[in-house]
Amino acid sequence: MTDKELITITIDKYTDLQRIKRENGNQENKELDYQLKVTTAKLSSLGVNVEDITF
């Protein structure tokens, strides 16, 4: 797998997690928050600025 493919897959995962978080509204979900944090760290380590893709 190339770096570009890895970045694309990770961005897709990040946006999926964001959509789930948005649909949860104010309901707390510690696992979802953790997955978002880990995915953000992975994207940052790959040189992706997550602020550009956060909604």
Side-chain angles (χ1 to χ4, degrees):
M1 177 181 303
T2 67
D3 285 347
K4 193 168 206 159
E5 290 171 320
L6 179 59
I7 289 169
T8 299
I9 290 168
T10 309
I11 287 172
D12 289 344
K13 179 179 179 178
Y14 182 73
T15 56
D16 289 344
L17 291 169
Q18 284 187 69
R19 282 195 295 274
I20 293 167
K21 177 108 175 142
R22 183 182 62 204
E23 291 302 314
N24 275 346
N26 292 330
Q27 183 177 354
E28 182 180 7
N29 186 326
K30 290 181 182 180
E31 178 61 24
L32 178 59
D33 292 340
Y34 178 74
Q35 289 297 322
L36 277 164
K37 187 180 288 189
V38 169
T39 306
T40 300
K42 287 179 182 180
L43 286 169
S44 293
S45 73
L46 293 168
V48 177
N49 183 355
V50 295
E51 291 179 11
D52 293 341
I53 57 174
T54 301
F55 50 77

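Being a predicted model, the structure only gives us computed values, none of them experimental.
- In the hydrophobic clustering of this structure, Tyr14 does not group with Val38; members are Ile, Leu, Val, Met, Phe, Trp, Tyr whose side-chain heavy atoms approach within less than 4.5 Å, directly or through other members.
- Interatomic distance, Asp12 CG to Thr39 OG1, rounded to the nearest 0.5 Å: 11.5 Å.
- Placement of Met1 and Val48 within a single hydrophobic cluster is found when ILVMFWY residues are connected by side-chain heavy-atom separations under 4.5 Å, directly or transitively.
- Here the side chains of Lys21 and Asp33 are in contact, with some heavy-atom distance below 4.5 Å.
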| query | Between Ile20 and Gln35, does a side chain to side chain contact (heavy atoms under 4.5 Å, CB included) hold up when you go through it step by step? | reply | CA-CA 11 Å; Ile20 293 167; Gln35 289 297 322; over 6 Å; no

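- With sequence neighbours excluded, no residue forms a side-chain hydrogen bond (donor to acceptor under 3.5 Å, both in side chains) with Asn29.
- A distance of 5.0 Å separates CG of Leu17 from CG of Leu36, quoted to the nearest 0.5 Å.
- Summarising the local packing, CG of Asn26 is surrounded by 12 or fewer heavy atoms from other residues, nucleotides or ligands at distances under 6.0 Å.
- Glu5 CD: more than 12 foreign heavy atoms inside a 6.0 Å radius.
- How far CD1 of Ile11 is from CD of Gln18: 10.5 Å, rounded to the nearest 0.5 Å.
- The line from CG of Leu32 to CD of Glu23 is 11.5 Å long, rounded to the nearest 0.5 Å.
- A salt bridge is defined here as a Lys NZ or Arg NE, NH1 or NH2 lying under 4.0 Å from an Asp or Glu carboxylate O, and Arg19 with Asp16 meets this definition.
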